[in-house]
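Heads up: numbering here begins at 1 and tracks the sequence. When a ligand or atom number is given, it counts from 1 through the structure's own listing order.
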Amino acid sequence: MVRHVKYFLGLRYQVSGWEHLQTEGPYVIISNHQSSLDVLGMMEILPDRCTMIAKKELVWAGTVGMICWLGGIVFINRQKTRDAKNVMSEAAKTMLADQIRLWVFPEGTRNQNGGLLPFKKGAFHLAVQAQAPIIPIVFSSYSNFYLRKQKEFKSGTITLKILPKIETKGLTADDVTALSDQSFGVMHSAFLEISSQAAQCNGPSSH
Ligand SMILES: CCCCCCCCCCCCCCC(=O)SCCNC(=O)CCNC(=O)[C@H](O)C(C)(C)COP(=O)(O)OP(=O)(O)OC[C@H]1O[C@@H](n2cnc3c(N)ncnc32)[C@H](O)[C@@H]1OP(=O)(O)O
Ligand SMILES: CCCCCCCC/C=C\CCCCCCCC(=O)OC[C@@H](O)COP(=O)(O)O
């Protein structure tokens, strides 16, 4: 049902790299996070047995909160780092026990500033603890058709690029910073590449 919202909003999705999602077993998906609109893109490609990490405040967001709760979303308290880390460590164990995939937004908050925010470390600790691969996914910039602060929205095309998986077998907590930097590098390059293509596709911006 959520997937149909795109028709009302006049959005089209172009997805590349489907083959990288053909990975057996648990993995951690990381993607950039611009807006609630990302949920529509997630629904375009969501693999089986995949849930998300979300801020705990979403539980109280009415119907959406109830759907998230019933859907097995893993809630973390960003104000209590120790609790959040514990929840994510438990999630690593559940991923392995139940063969679950987890989607994490490593920027940790929504960002429409034309790039990627520095990554938080939780997603990378999670992947290392589970010894599960990371699959980076990049959404092209929405800035050509949607500016949240200015309340401007028009129809547009969003490119979703699924990047090759990054293995974590044999890595330890000491490798997390390098893993995060590597992931940031490939995602930032892909973001710049697909955002300039999407800008051409969406035509001149009025912004
Ligand atoms: C009607 C229609 C309904 C449709 C319904 C559809 C529903 C779809 C819902 C979609 C939901 C999407 C929701 C999106 C969000 O909510 S995004 C916000 C929440 N997500 C995150 O915040 C994830 C990213 N954040 C992190 O991973 C953070 O690292 C966090 C764990 C929260 C800790 O935060 P913070 O302290 O600020 O971060 P640092 O990364 O700087 O970490 C500090 C030090 O701790 C170490 N660390 C971090 N995590 C771990 C860990 N798991 N284990 C061990 N150590 C950890 C980290 O390395 C830092 O130490 P050093 O500096 O390296 O020494
Ligand atoms: C004009 C376009 C407006 C957007 C319309 C979106 C339509 C999407 C349809 C239904 C899905 C609703 C699900 C909403 C889920 C919201 C998830 C979300 O984005 O949470 C914010 C959180 O990550 C970070 O919070 P902060 O940025 O730190 O605070």
Using atom types as modelled and distance alone, determine if a side-chain donor or acceptor of Gln129 lies under 3.5 Å from a backbone N or O of Leu126.
-> no
Counting heavy atoms only, which of Lys121, Glu90, Arg110, His125 comes nearest to atom 61 (P) of ligand 1?
-> Lys121
Nearest 0.5 Å please: distance from the OG atom of Ser31 over to the CD1 atom of Ile135.
-> 12.5 Å
Kindly give the heavy-atom pair with the smallest separation between Ser195 and Phe191, and that separation in Å.
-> OG-O, 2.6 Å
Indicate, as side chain, backbone, both or neither, the part of Met88 found under 4.0 angstrom from ligand 1 when only non-hydrogen atoms are considered.
-> side chain
Would you say atom 38 (O) of ligand 1 has a protein heavy atom nearer than 4.0 Å?
-> yes
Mind checking whether Glu152 contacts ligand 2 via backbone (N, CA, C, O), side chain (CB onward), both or neither, at a 4.0 Å heavy-atom cut-off?
-> neither
If only atom types and distance count, is the side chain of Arg78 paired as donor or acceptor with the main-chain N or O of Lys55 below 3.5 Å?
-> no
Joint hydrophobic cluster, Phe75 plus Met66, side-chain heavy atoms closer than 4.5 Å = yes
Check the surroundings of atom CH2 in Trp18: do more than 12 heavy atoms from other residues, nucleotides or ligands lie under 6.0 Å from it?
-> yes
What part of Cys68, side chain, backbone, both or neither, has a heavy atom within less than 4.0 angstrom of ligand 1?
-> side chain
Run the numbers for me: atoms of ligand 1, each under 4.0 Å from some heavy atom of Phe105, listed by number.
-> 12 (C), 14 (C), 23 (C), 24 (C)
What do you reckon, does Thr63 have a nitrogen or oxygen under 3.5 Å from a nitrogen or oxygen of ligand 1?
-> no
Can you list the steps and then say if Lys165 with Glu167 is a salt bridge (charged side-chain N to carboxylate O under 4.0 Å, His left out)?
-> CA-CA 6 Å; Lys165 69 180 168 195; Glu167 291 291 354; 3.7 Å; yes
Within a distance under 4.0 Å of any heavy atom of Val104, pick out the atoms of ligand 1 and give their elements.
-> 23 (C)
Atom 13 (C) of ligand 1 - nearest protein heavy atom and its distance = Ala54 CB, 3.6 Å
Looking only at protein heavy atoms, what sits closest to atom 6 (C) of ligand 1 is Val39 CG1, 3.9 Å
Could an N or O of ligand 1 be found under 3.5 Å from any N or O of Lys85, whether backbone or side chain?
-> yes
For Gly108, atoms of ligand 1 separated by under 4.0 Å from a heavy atom | 18 (C), 21 (C), 22 (O), 24 (C)
Look only at interatomic distance and state if Thr81 has a nitrogen or oxygen under 3.5 Å from any nitrogen or oxygen of ligand 1.
-> yes
Considering distance alone, does some N or O of Ser35 sit under 3.5 Å from an N or O of ligand 2?
-> no
Which class fits the ring pair Phe184 and Phe119: parallel under 30°, tilted 30 to 60°, perpendicular over 60°?
-> perpendicular
Would you say Thr177 and ligand 1 have an N/O pair spaced under 3.5 Å apart?
-> no
Mind checking whether His33 has an N or O less than 3.5 Å away from an N or O of ligand 2?
-> yes
Using heavy atoms and a threshold below 4.0 Å, how should the contact between Glu107 and ligand 1 be classified: side chain, backbone, both, or neither?
-> neither
What part of Gln129 sits under 4.0 Å from ligand 1 if we count only heavy atoms: the side chain, the backbone, both or neither?
-> side chain
Of Leu40, Leu58, Val128, Ile76, which has the heavy atom at the shortest distance from atom 32 (C) of ligand 1?
-> Ile76
Report the nearest protein non-hydrogen atom to atom 41 (O) of ligand 1: residue, atom name, distance rounded to 0.1 Å.
-> Lys120 CD, 4.4 Å
What residue and atom, counting heavy atoms only, is the protein's closest point to atom 4 (C) of ligand 1, and at what distance?
-> Val2 CG2, 3.8 Å
Closer than 4.0 Å: a protein non-hydrogen atom to atom 30 (C) of ligand 1 = no
Does a donor on one side chain and an acceptor on the other come within less than 3.5 Å for Gln14 and Thr157?
-> no
Checking heavy-atom distances from atom 27 (O) of ligand 1 to each of Ala84, Gly122, Ala173, the winner is Gly122
Closest to atom 25 (O) of ligand 2 among protein heavy atoms sits Lys55 NZ, 3.0 Å
Within the structure, does at least one protein heavy atom fall under 4.0 Å of atom 16 (O) of ligand 1?
-> yes
For His33, the ligand 1 atoms whose distance to one of its heavy atoms is below 4.0 Å | 14 (C), 17 (S)
For ligand 1, is any non-hydrogen atom under 4.0 Å from Arg78's backbone (N, CA, C, O), its side chain (CB onward), both, or neither?
-> side chain
Should Glu57 be listed as contacting ligand 2, given a heavy-atom distance under 4.0 Å as the test?
-> no
So the atoms of ligand 1 within less than 4.0 Å of a heavy atom of Lys55 turn out to be 15 (C), 16 (O), 19 (C)
Nearest non-hydrogen protein atom, atom 8 (C) of ligand 2 = Leu40 CD2, 3.9 Å
Identity of the nearest option to atom 9 (C) of ligand 1, non-hydrogen atoms only, from Asp38, Val64, Ile73 | Ile73
Atom 3 (C) of ligand 2: closest protein heavy atom, distance to 0.1 Å, is Tyr146 OH, 4.1 Å
Got the closest protein heavy atom to atom 3 (C) of ligand 1, with its distance?
-> Ile67 CD1, 3.7 Å
Protein residue, atom and distance nearest to atom 29 (O) of ligand 2, heavy-atom basis | Arg110 NH2, 2.8 Å
Give the contacting part of Thr109 toward ligand 1: side chain, backbone, both or neither, where contact means a heavy-atom distance below 4.0 Å.
-> neither
